[in-house]
Each structure stands twice: as C-alpha cells, then as structure tokens.
> 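First the structure, which I've put down as structure tokens, then a few questions once you've had a look.
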Amino acid sequence: KTQEEIDKYWEDLTKGGKPNQCGWTQDKFGITWQIVPTILPKLLSDPNPEVVERVTACFMKMTKFIIKDLEAAAK
C-alpha cells in the first residue's frame with residue numbers, strides 16, 4: 001500500500017539477488033517476485049486511455065515501482 005512497504009520488500013528480496021524491470025526481482029534463491037503497489041491496478045483501469053498510456057510508459061522504465069512517479073504520470 002505504501003512506498004515504505006515497497007522499499008522494504010524490494011530491499012529484502014533483492015539482497016543477494018538481482019532486480020529487473022517493472023517491479024520484478026529475483027531473490028538469492030533464484031525465485032522471482034513482482035512487488036506491485038496496490039494503486040497500480042486503479043491507475044491502469046482509468047477510463048481515460050491517455051492516463052493508462054502515461055502510467056504504463058512510466059512503469060515500463062522502472063525497476064522498483066515509485067508510487068509518487070506513477071501518480072504524477074496519471075495527472
């Protein structure tokens with residue numbers, strides 16, 4: 001729900017592993033995880049296709065999701 005939660009899971013799961021695009025990371029055991037903010041589905045279901053396009057373009061450039069940047073892209 002929060003950036004703090006995303007940051008904690010990201011830090012814990014990428015320690016000894018490797019981060020990847022769009023919130024995906026691999027932990028030290030080789031298990032792949034995607035850490036997604038709860039707001040992302042809401043932003044991607046916006047009735048305005050331009051909002052969806054901007055949010056998608058924004059997160060495609062990210063490794064770890066940054067909520068404030070996703071919200072800014074939606075505006």
Side-chain angles (χ1 to χ4, degrees):
K1 290 184 178 185
T2 67
Q3 189 65 49
E4 291 77 22
E5 285 180 306
I6 291 171
D7 294 345
K8 180 188 179 339
Y9 286 117
W10 188 264
E11 183 178 322
D12 291 348
L13 290 170
T14 57
K15 192 177 295 181
K18 56 182 170 178
N20 209 331
Q21 184 178 10
C22 299
W24 287 99
T25 187
Q26 190 175 64
D27 67 18
K28 64 183 177 182
F29 303 107
I31 299 171
T32 303
W33 304 84
Q34 188 179 32
I35 304 165
V36 179
T38 56
I39 195 168
L40 187 60
K42 178 183 177 212
L43 296 174
L44 293 176
S45 63
D46 193 283
N48 184 340
E50 292 175 0
V51 170
V52 174
E53 187 177 322
R54 287 194 309 268
V55 170
T56 301
C58 179
F59 82 69
M60 291 299 288
K61 298 175 189 170
M62 294 181 175
T63 48
K64 176 178 72 172
F65 285 117
I66 307 297
I67 294 172
K68 68 177 176 66
D69 293 348
L70 294 170
E71 291 173 327
K75 291 183 178 175

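All values below were derived from every heavy atom in this structure, side-chain atoms included, with hydrogens, water molecules and symmetry-related copies excluded.
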> Check whether more than 12 heavy atoms from other residues, nucleotides or ligands sit under 6.0 Å from atom CD of Glu53, and answer yes or no.
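Count not over threshold, so no.
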
> Counting C-beta onward and ignoring hydrogens, is there a side-chain heavy-atom pair between Asn20 and Gln26 closer than 4.5 Å?
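The answer is no; the side chains never approach within 4.5 Å.
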
> Can I get a per-line list of side-chain donor-acceptor pairs under 3.5 Å for residues 29-40, giving both atom names and the distance, sequence neighbours left out?
| from | atom 1 | to | atom 2 | distance (Å) |
| --- | --- | --- | --- | --- |
| Trp33 | NE1 | Asp27 | OD2 | 3.0 |
| Gln34 | NE2 | Cys22 | O | 2.8 |

> Rounded to the nearest 0.5 Å, how far apart are NZ of Lys28 and CG of Leu13?
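So the gap between those two atoms works out to 10.5 Å.
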
> Listed by chain and number, what are the side chain to side chain donor-acceptor pair (under 3.5 Å) partners of Lys42, not counting sequence neighbours?
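Once residues adjacent in sequence are excluded, Lys42 has no partner under the side chain to side chain donor-acceptor pair (under 3.5 Å) criterion.
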
> Is there a side-chain contact between Asp7 and Lys64, using heavy atoms and a 4.5 Å cut-off?
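With C-beta onward as the side chain, the pair touches.
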
> Just how far is it from atom OG1 of Thr63 to atom CH2 of Trp10, taken to the nearest 0.5 Å?
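That separation rounds to 5.0 Å.
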
> When rounded to the nearest 0.5 angstrom, what is the spacing between OG1 in Thr2 and CD1 in Ile6?
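Between Thr2 OG1 and Ile6 CD1, I get 7.0 Å after rounding to 0.5 Å.
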
> Measure the spacing between CZ of Arg54 and CG of Leu43 and express it to the nearest 0.5 Å.
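Answer rounded to 0.5 Å: 10.5 Å.
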
> With ring-ring contact (aromatic ring centres under 6.0 Å, His included) as the rule and sequence neighbours excluded, what pairs involving residues 36-75 come up?
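Listed by first then second residue: Phe59-Phe65.
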
> Heavy atoms only: give me the nearest Pro19-Thr25 pair and the separation to one decimal.
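Distance-wise, the nearest heavy atoms are CA-OG1, 3.6 Å.
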
> Counting only heavy atoms not in Glu11 (residues, nucleotides, ligands), do more than 12 fall under 6.0 Å from its CD?
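Counting neighbours around CD of Glu11, 12 or fewer heavy atoms of other residues, nucleotides or ligands fall under 6.0 Å, so no.
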
> I'd like to know if Trp24 and Ile67 are part of one continuous hydrophobic network [Ile/Leu/Val/Met/Phe/Trp/Tyr, side-chain heavy atoms within less than 4.5 Å].
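Cluster IDs for Ile67 and Trp24 differ.
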
